[in-house]
Amino acid sequence: MGKKLLLEHINEPGIETFDVYRKKGGYASVEKALKTMTPDAVTEEVKRSGLRGRGGAGFPSGMKWSFIDKKSDKPRYLVCNADESEPGTFKDRYLMERLPHLLIEGMITSSFALGAKTSYIYIRGEYMYIVRILERAIDEAYANGFLGKNILGTDYSLDLYVHPGAGAYICGEETALLESLEGKRGNPRLKPPFPAIAGLYASPTVVNNVETIAAVVPIINMSGDEYAKIGVGKSTGTKLISASGHINKPGVYEIELGLPVEEFIFSEEYCGGVWKDRRLKAVVAGGSSVPILPTELILTTAKGEPRLMTYESLSDGGFATGTMLGSGGFIVMDETTDIVKNLYTFARFYHHESCGQCSPCREGTGWMEKILHRLHHGHGKKEDIDVLVDVAKKIEGNTICPLGDAAAWPVASAVRHFRKEFEAAAVEELLV
Amino acid sequence: MVFSPEALARANKIIARYPQGKQKSALLPLLHLAQSEFEGWLSPEVMDYVASLLSIKPIEVYEVATFYSMYNMKPVGKCLLEVCQTSSCWLRGSEEILEHIKNKLNIEVGETSADGMFTLKTVECLGSCGTAPMLQCGADFHENLTVEKVDELIEKLKKKNERSTYLKSLVNS
């Protein structure tokens with residue numbers, strides 16, 4: 001059994017209430033940070049921990065915090081990104097639903113480090129039932145002196161609010177999220193300036209994923225150095241993996257980074273193997289945006305080394321033979337899976353979710369969906385396959401935000417690794 | 001067209017979460033509230049009312065309401081059945097679920113049943129991949145669906161004969 005830093009108490013009855021959470025050691029990081037540490041010391045621990053953004057990009061969290069503009073006379077904000085919408089990802093939902101106080105504790109400790117007096121949790125609107133869970137927990141935290149004025153009798157005060165979105169994948173992109181939080185359409189902003197300089201209401205802002213903020217709790221409790229001992233190389237600590245698709249035991253698993261992919265898929269402790277005694281065909285390891293890999297490349301790298309659940313090992317070989325850890329949305333496909341159809345569901349998704357601001361993405365995602373629709377329905381031509389790859393290439397790198405790249409990568413990789421299936425789906429000439 | 005006193009109190013509480021002069025931030029939550037109060041969709045009159053509450057121009061509400069997929073821009077049945085169709089749900093049988101609902105209610109996606117009870121909609125990933133296939137009705141997630149479970153749900157909703165909206169199902173939970 002790997003170490004559980006986030007989900008250790010998840011099955012404890014009543015853990016969603018303040019009293020039980022507190023009895024299990026909850027809010028210790030707030031006490032430690034506010035009473036014995038300076039805000040910069042908290043940031044320093046996060047830096048030393050090697051924690052990387054758990055939303056998908058994997059950017060070092062402590063470094064992101066250190067960019068916040070401290071010279072500005074404007075208020076600073078911490079905004080939690082709970083807009084979890086990457087297909088295949090449902091870990092933040094699980095964490096917020098079952099351990100709302102863990103997120104709130106992380107928000108308080110992190111807000112203290114950043115000097116934020118008001119913080120928001122931006123949650124996707126479809127998770128409205130979790131808004132109620134979080135608001136109940138926030139009320140309890142206020143009632144027990146962990147939120148509001150002079151927390152634990154210190155000089156530090158914090159107000160925390162939950163803000164629901166209304167159905168838009170793009171709002172998981174941090175600048176689109178801030179636009180949305182300001183009551184606007186979720187159109188990503190041009191960067192620079194980055195949110196650390198001009199974010200919410202043009203004030204210095206840090207946006208962090210739910211799991212990232214929750215991970216600050218064990219980091220402060222155990223120290224950054226101890227946290228960094230878990231994992232492999234620059235992939236430190238534990239990661240929540242959302243496992244779905246054709247496996248025996250779908251669900252959210254907390255793994256120590258460094259676990260072999262093969263063990264994750266086949267051991268009883270995790271996915272429990274491929275369902276219906278079928279063989280493994282392909283895996284999308286980090287949410288729909290990352291390249292799909294066939295069995296031989298997901299279990300071992302092109303060099304023949306066992307593939308590990310780390311940022312580095314999953315991306316070994318670049319996009320030619322590798323993929324990305326991404327959000328940890330791990331989608332498993334068995335031998336019967338129609339790769340063309342699966343890609344069509346992704347293409348439809350990105351077309352639906354493109355905000356429409358940049359032409360390559362707005363138009364390109366539409367063309368990719370149309371071409372895949374026709375290939376899937378047996379009306380496609382062989383040339384369509386190359387047109388598809390060409391459209392993907394012309395979106396990649398040519399848009400304001402990474403949604404364009406996220407739409408292009410699955411297409412390029414599916415054709416690269418499963419070209420024969422696309423050719424089999426295409427007809428030589430259009431049937432009239 | 002105005003909010004009930006309870007809804008207005010709730011709206012004012014929401015507006016107070018944001019700094020002075022930044023009341024426009026309350027727009028998304030207020031549109032959820034409005035949709036819940038006024039028959040499950042946002043008519044131009046409803047949007048104009050929300051604009052007046054926030055002292056912003058109506059166009060600022062229209063452009064936002066049309067951007068987000070959870071706001072309904074035309075009338076919907078009492079229960080909006082939103083079936084997820086993205087990869088993980090598709091891998092575990094969402095097409096069968098969708099076909100079953102279409103046949104059972106005799107409607108296509110985007111249509112409302114003759115009795116005005118159900119509107120069928122497809123949605124993209126709702127974060128229920130580990131419990132796929134799924135559909136959402138109001139704030140409720142119905143997961144690990146089978147055709148039998150869908151039948152039970154539809155019967156239950158028919159018997160209840162109430163409008164399911166995000167906020168109402170929250171209050172009732």
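Here is the naming used below: chain letters follow the sequence lines, and residue numbers restart at 1 for every chain.
For B:Ser128, the parts lying under 4.5 angstrom from a heavy atom of chain A are both the backbone and the side chain. At a 4.5 Å heavy-atom cutoff, the contact between A:Ala166 and chain B is made by backbone and side-chain atoms alike. Neither the backbone nor the side chain of A:Val252 comes within less than 4.5 Å of any heavy atom in chain B. With a threshold of 4.5 angstrom between heavy atoms, A:Thr336 does not approach chain B through any atom at all. In this structure, the portion of A:Tyr77 lying under 4.5 Å from any heavy atom of chain B is its side chain and not its backbone.
Between B:Glu95 and A:Lys341 a salt bridge is recorded (basic side-chain N to carboxylate O distance below 4.0 Å).
Judged by distance alone, the side chain of A:Ser244 and the main-chain N or O of B:Ser88 form no donor-acceptor pair under 3.5 Å. Under the 3.5 Å distance criterion, the side-chain polar atoms of A:Arg185 are left unmatched by any main-chain donor or acceptor of B:Phe67. The backbone N or O of A:Pro87 lies less than 3.5 Å from no partner atom in the side chain of B:Thr86, so there is not a single donor-acceptor pair.
The shortest side-chain heavy-atom distance between B:Trp90 and A:Asn342 falls under the 4.5 Å cut-off. Looking only at side-chain heavy atoms (C-beta outward), A:Tyr122 and B:Leu28 come within less than 4.5 Å of each other.
For residues 344-356 of chain A, a heavy-atom distance under 4.5 Å to chain B picks out A:Thr345, A:Phe346, A:Arg348, A:Phe349, A:His352, A:Glu353, A:Cys355, given by residue number. Proximity to chain A at a heavy-atom threshold of 4.5 Å picks out B:Glu124, B:Cys125 from residues 112-125 of chain B, in numerical order.
The distance from the CD atom of B:Gln136 to the CE atom of A:Met128 is 9.5 Å, given to the nearest 0.5 Å. Once rounded to the nearest 0.5 Å, the distance linking CZ of A:Phe90 with CE of B:Met134 reads 12.0 Å.
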Verdict with supporting geometry, A:Tyr161 and B:Ile14, side chain to side chain contact (heavy atoms under 4.5 Å, CB included): CA-CA 9 Å; A:Tyr161 304 104; B:Ile14 292 169; over 6 Å; no
Trace of the side chain to side chain contact (heavy atoms under 4.5 Å, CB included) decision for B:Lys24 with A:Glu182: CA-CA 6 Å; B:Lys24 187 178 170 180; A:Glu182 292 181 5; over 6 Å; no
Intermediate values then yes/no, salt bridge (charged side-chain N to carboxylate O under 4.0 Å, His left out), B:Arg17 and A:Glu135: CA-CA 13 Å; B:Arg17 291 173 187 163; A:Glu135 285 184 341; 3.2 Å; yes
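Of all the listed residues (A:Arg124, A:Lys249, A:Lys184), the one sharing the greatest number of non-hydrogen pairs under 4.5 Å with chain B is A:Arg124. When the candidates A:Ser85, A:Gly88, A:Gly186 are compared by the number of heavy-atom contacts under 4.5 Å with chain B, A:Gly186 comes out ahead.
Taking the six-membered ring for Trp, A:Tyr120 and B:Tyr18 have ring centres closer than 6.0 Å.
Nearest heavy-atom pair, B:His32 versus A:Pro164, reported as atom, atom and distance to 0.1 Å: CD2-CG, 4.2 Å.
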